[in-house]
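Structure, as structure tokens:
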Amino acid sequence: MRSIDYESELNPEQLEAVEHELGPALVIAGAGSGKTRILVYRLARLMEKGIAPENILLLTFTRKAASTMLERARELTGRDAGGVVGGTFHAFAYSMLRRYVSRTPYRNGISVMDRADTQALINMLLKEAFPSLPKGFPRPQALASLFGRVKSFGQAPEEALKRFYPHLSGFHGEILSLLERYDSYKVSQGLADYDDLLVHWRDLLATEKEVAEQVADRFQFVMVDEYQDTNAVQADMISLMCSPHRNVMAVGDDAQSIYSFRGADFRNIVDFPRLFPGAKVITLVRNYRATQPILDCTNAIIACAKEKFSKELLAQRKGGRPPIVYFARDEEDQAGFVTARIADALGAGFRPEDIAVLFRASFHSFRLESCLQRAGIAFVKRGGMRLLEAAHVKDLLSFLRLLANPWDKLGWHRLLTLLDGVGPKTASRIADQVCAEDDPLRALAEYPSKARWAASVRELGGALDNAAGSASLPAAFDGAMAWYHPFLVDRFPLDHPRRRQELEQLAAIAGRYQDLETFLTDMALEPPENGQEEQSGAVTLSTVHSAKGLEWKIVFIISMCEGRFPPSPRGREEADMEEERRLFYVATTRVMDQLFLVVPESVSVPGGGAIPVSPSRFFEEIPPHLLTAWAGDNRSFASGKPSRRSVPPQPGQTGGGPSSGLTPGQRVRHPIFGPGVVAQVLSSKKVKVAFDCGGVKTLHLDYARLSRL
DNA sequence: TTTTAGATGCTTTTT
DNA sequence: GCATCTAAAA
């Protein structure tokens, strides 16, 4: 076994956190300050001190984070850390609920619903309650997120409604009764949505003293990662599980709280010392990831946050270059710029894995994706539409789900409506009839009807019945594929080969499972990341949310304009802007060496066409001298020619163009660097400007949007 | 009455 | 691209 020299491998603050043994502790770990390192080393240290792995609980944001940390702890100590229970709050709560299922409202098993199921169920109940939706009543999607919000608030639903949805006050009664029906339906059908897993476990801990004691006894040391993204129910859960021994260490960064839309409240982290009086608070600000010019910028961004634990990151690395800003004419130009710079970097010896492009919302990268494809640059995309949410995957999973639970009306509905001539009405009728039987699968196979769709209905029943009898999960999967394939081709004439491939990927994943139930649960709780995730030789494209906790040498943040990042402020509150700022902070703290901020001057709108947009408001929060404007050519990668930029002169601005008429001494304003004076005219396209904020910049008039003062 | 096709609208972010 | 809405066809 290797002995670890903690003093030399950790800085003093890290060491303090790692050596912490008993009692509550809160570690405020700034971005890049070695947060994972602390958790891993502390895990190792606890085991070294003789704590049994079984007595340690590690709650993380993704299962992957947990398994990575366990693996690293194992490498560090040479001991098996496999006894440590680690995973997401949801997965942990689910496993506990299963253990104590007899004490829960659920009689038999619990199956986990994913978002699509949740949506479908709400839709069904909504239609039952209101055959036609009252005017102004929230739509199914809005209702689903409302329910989630209300339940993760952790208090009486009425209170949550009053607090978060005052504008719906006219419907509160209806919403509450719908919520009640939704909850009781799930219990009666053995279903649980994400929030139910947390809420039921919390309730069990709160009401059954014996359970709480047993759990506290089992998990004597609890570590919580990403504490800033916990919601009220999760905080309750921690408090209930840890109150006997108080050996809980929460690690997080209030500045990186970006999940309030699903009930996370960064005040949890601020309140931790109050929840656990006497908690040791350790703050880590030494940043090992980036260089000071980058951190000056990120510090400036987060300094504008209204509520936070104040801290400034300090670079431990020397040198470095400030972020580079590029103004793109439109999204095509933006894509071309990023592609060209990526090609440059690859040419300069960077590996594709060193590079990432980040954006606020998944669809922002569409243009870039096709541009990269044309350029022959491989990429993987994280975040956005999950494999599981694609229609064809849902179809196939519905088939499998019916094998596990033949009374799953939602599954029936989905499959039956695929059949020619069967719409929602017919599907519901058949589902109701079949579900009343002891063996719904067989009942469908023998479904008596003379309608023109009767044969295809019986065929579906036969396929299901057949697959149900198959020996293994892969065999059942094959059965599902055999039945589904004709529908796949019919429904997706354009891209069914691609979709088929995805289904085969899914089949490969399913092949690793013994048991159908486990497979389905895992799919809901920890969906596979888009296919071959850690694929080497590929640049990463990612939403900012999915980039949390990761780092790259070169990072591009694209679509840095109003309406994209932040998204249109329509009906949004200041609190949302605070979260947007934190999100921007998360994005900028992913970078190690070079950060590019790309600002399109126009973006395309759904109907086709483009509208002009202004740079993101967050630029106003960064002192201009901390940024550099891109001064090189933008070679359009596809054509190999410099892209010709003809920016139409905008009101109050000098257009690009040779006759910009700027002369030394002229006062100008730059959207980012602010006011300044022209120091020297280098060519018809280039001028040197001395900015009032200090700093002389050479600006390319095609790129810089200078306005005369 | 039910189904379907065709148009429209609308897109944060995720366990 | 997807889900929902609307108007025409079975």
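The figures here come from the full heavy-atom set of this structure, side chains too, leaving out hydrogens, waters and symmetry mates.
With a cut-off of 3.5 Å on both Watson-Crick or G-U wobble distances, the partner of C:dT4 is given as B:dA7. Look at B:dT1: its Watson-Crick or wobble partner, with both distances under 3.5 angstrom, is C:dA10.
Checking the phosphate oxygens (OP1, OP2) of B:dT15, no side-chain nitrogen or oxygen of A:Asn231 falls inside 4.0 Å. Residue A:Ser546 has a polar side-chain atom (N or O) positioned under 4.0 Å from OP1 or OP2 of B:dT14.
Distance from the side chain of A:Asp420 is smallest to B:dT4 among C:dT4, B:dT13, B:dT4. Among the nucleotides B:dT15, C:dC2, C:dA3, the one closest to the side chain of A:Gln141 is C:dA3. In the set B:dT15, B:dT14, C:dA3, the nucleotide with an atom closest to the side chain of A:Thr543 is B:dT14. Relative to the side chain of A:Lys394, the nucleotides B:dT13, C:dT4, C:dA3 differ in distance, and C:dA3 lies closest. Considering only the side chain of A:Tyr259, B:dT14 comes nearest among C:dC2, B:dT13, B:dT14. In the set B:dT13, B:dT15, C:dT4, the nucleotide with an atom closest to the side chain of A:Asn123 is C:dT4. Of the candidates B:dT15, C:dC2, B:dT13, the closest approach to any side-chain atom of A:Tyr194 belongs to B:dT15.
Taking the charged nitrogens against the carboxylate oxygens, A:Arg581 and A:Glu578 do have a contact shorter than 4.0 Å, which makes a salt bridge. Remark: A:Asp254 does not engage A:Arg582 in a salt bridge, criterion side-chain N to carboxylate O under 4.0 Å. Using a 4.0 Å cut-off between a side-chain N of Lys or Arg and a carboxylate O of Asp or Glu, A:Asp196 and A:Lys151 qualify as a salt bridge. A salt bridge does not link A:Lys35 with A:Asp253: every distance from a Lys NZ or Arg NE/NH1/NH2 to an Asp or Glu carboxylate oxygen is 4.0 Å or more. No salt bridge links A:Asp432 with A:Arg429; every basic N to acidic carboxylate O contact stays at or beyond 4.0 Å.
When each of A:Ala524 and A:Trp453 is assigned the nucleotide of DNA chain B with its nearest heavy atom, A:Trp453 is the one assigned upstream, toward the 5' end. When each of A:Gly421 and A:Arg262 is assigned the nucleotide of DNA chain B bearing its nearest heavy atom, the one mapping closer to the 5' terminus is A:Gly421.
B:dT13 has its base stacked against the ring of A:Phe261, the centroids being under 5.5 angstrom apart at an interplanar angle below 30°.
Across all strands, A:Leu525 comes closer than 4.0 Å only to sugar-phosphate atoms, never to a base (heavy-atom distances). Within the 4.0 angstrom heavy-atom criterion, no nucleotide atom of any strand lies near A:Arg149. Among the protein residues, A:Val544 comes within range of no part of the nucleic acid, since none of its heavy atoms lies under 4.0 Å from any strand.
The CD-P distance, from A:Glu226 to B:dT14, rounds to 14 Å in whole Å. Look at CG on A:Leu419: it is 15 Å from C1' on B:dT2, rounded to the nearest Å. Rounded to a whole Å, the CZ atom of A:Phe61 is 15 Å from the P atom of B:dT13. The CZ atom of A:Arg581 sits 18 Å away from the C1' atom of B:dT13 (whole-angstrom rounding). Atom P of nucleotide B:dT14 and atom NZ of A:Lys64 are separated by 14 Å, given to the nearest angstrom. If you take CD1 of A:Ile430 and C1' of B:dT2, they are 13 Å apart, rounded to a whole angstrom. If you take CZ of A:Arg367 and P of B:dT11, they are 20 Å apart, rounded to a whole angstrom. We find that NZ of A:Lys548 is positioned 10 Å from P of B:dT15, with the value rounded to whole Å.
When ring centroids are compared, A:Phe487 and A:His392 stay outside the 6.0 Å threshold.
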